[in-house]
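Below: the structure, in structure tokens.
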Amino acid sequence: MIDFALVAGSFVVAIVVGLTGMGGGALMTPMMMLFFNVPPLAAVSSDLVASAVMKPVGGVVHLRRGTVNLRLVGWLCAGSVPAAFCGVFLARAFAVTDAVKYALGVALLLAVAGMALKGWLGTRGGSSSAHEIVVRPIPTLLVGTVGGLVVGVSSVGSGSLIIVALLALYPALKANQLVGTDLVQAVPLVASAALGHLLFGDFKMELTLSLLVGSIPGVYLGARISSRAPGGLIRALLAIVLLASALKLLDVGNAVTVWLLVAACAVTFAGWRLRDGVLARRGGANAAVGPPQEARR
């Protein structure tokens, strides 16, 4: 039986996934556990199976727009696909889900701080096309392996962890290229983890159907927007989703999470206004200096 409240919730989360390439496991699984009283293993299993269907929808949109680096996708998947399947066995054998969850929460908070500092300093990045990036095979393979292992254990990381690592390894990637590449590499990764949970987890068909009914149109809508949206807007959304994911992974209460996100949005808006003012003053000063000597001649 379809749960229409869960359909609505998954639609909203899927828009975030399509916009930012992340947040599916870090938001969808906690949503099911906190608001719909779904047992943890059933939430992880059903979320991964639904993501295996949902992720390709957003990935196809970005492939058609040319915002995917397929070499990056290949190296990431070489590490993540086998690691994700093994992560299911690790979760069942050693019950390490909580430890991984808290460690990932701290890592995401550090990533938010790094993105905020980069934005404040006005560092320019993301000027290359998706096909001009020089791929670093070994670090990319390691990122895929670690990300796949975490996904298999907790369903979190296919977007959250890997997209942070890609930001560090490839700062020249534009925001929409970052999202597109991450969405496409997540397809075989999530499929591998989903297969493991289908065989050894606690898959619930009715739960997964409700997720799919809401998430497929949501991720399509989000991906359509992100493939065309300005890079600055996507990076701001990435930071907000990272913060929300980190707070939920660290078991911060819902009320506190909402207030922290509102504060983060206010600070982001104020920072944009301040930076725009600084850039405007610099532009005025440069105009006052006049053209260079060659132009005057």
Side-chain angles (χ1 to χ4, degrees), residues 1-18 21-59 80-81 83-101 104-105 147-161 183 186-222 241 244-245 248-249 251 254:
M1 182 178 178
I2 300 296
D3 186 334
F4 290 100
L6 185 56
V7 169
S10 63
F11 177 76
V12 174
V13 172
I15 291 177
V16 175
V17 174
M22 59 181 294
L27 297 177
M28 193 82 79
T29 301
M31 177 194 74
M32 287 189 285
M33 293 167 57
L34 293 171
F35 300 107
F36 298 95
N37 297 317
V38 177
L41 186 58
V44 170
S45 299
S46 299
D47 177 33
L48 280 170
V49 174
S51 293
V53 179
M54 174 181 68
K55 293 277 187 178
V57 177
S80 66
V81 171
F85 194 82
C86 294
V88 180
F89 296 99
L90 185 64
R92 294 182 66 85
F94 299 103
V96 296
T97 303
D98 286 343
V100 171
K101 182 177 73 172
L104 182 57
L149 193 64
V150 174
V151 170
V153 170
S154 65
S155 86
V156 176
S158 63
S160 305
L161 181 62
L183 273 172
V187 174
L189 161 58
V190 171
S192 176
L195 178 61
H197 278 276
L198 278 171
L199 296 174
F200 308 106
D202 189 20
F203 170 67
K204 303 289 186 185
M205 176 60 76
E206 64 278 7
L207 191 63
T208 305
L209 284 175
S210 297
L211 293 178
L212 288 174
V213 170
S215 62
I216 289 177
V219 75
Y220 178 79
L221 177 61
V241 176
S245 299
K248 297 314 298 178
L249 287 169
D251 293 329
N254 292 334

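Counting begins at 1 with the first residue of the sequence.
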In this structure, CG of Leu149 is separated from OG of Ser80 (nearest 0.5 Å) by 11.0 Å
Requested in this report: Decide yes or no for Val49 and Leu212: does some side-chain heavy atom of the first lie under 4.5 Å from some side-chain heavy atom of the second?
Outcome: no
Between the OG1 atom in Thr208 and the CG atom in Leu48, the distance rounded to the nearest 0.5 Å is 10.0 Å
Interatomic distance, CG@Leu189 vs CZ@Phe85, rounded to 0.5 Å, equals 13.5 Å
Which pairs of donor and acceptor atoms, one on a side chain in residues 3-18, lie under 3.5 Å apart (sequence neighbours left out)?
{"from": "Asp3", "atom 1": "OD1", "to": "Ala5", "atom 2": "N", "distance (Å)": "3.1"}
{"from": "Asp3", "atom 1": "OD1", "to": "Leu6", "atom 2": "N", "distance (Å)": "3.3"}
{"from": "Ser10", "atom 1": "OG", "to": "Leu6", "atom 2": "O", "distance (Å)": "3.1"}
{"from": "Ser10", "atom 1": "OG", "to": "Val7", "atom 2": "O", "distance (Å)": "2.9"}
{"from": "Ser10", "atom 1": "OG", "to": "Leu211", "atom 2": "O", "distance (Å)": "3.4"}

For Ser192 and Ala84, the nearest pair of non-hydrogen atoms, with its separation, is OG-CB, 4.1 Å
Note: Pro56 and Ser51 closest approach over all heavy atoms is CD-O, 4.1 Å
CE of Met32 to OG of Ser210, rounded to nearest 0.5 Å, is 10.5 Å
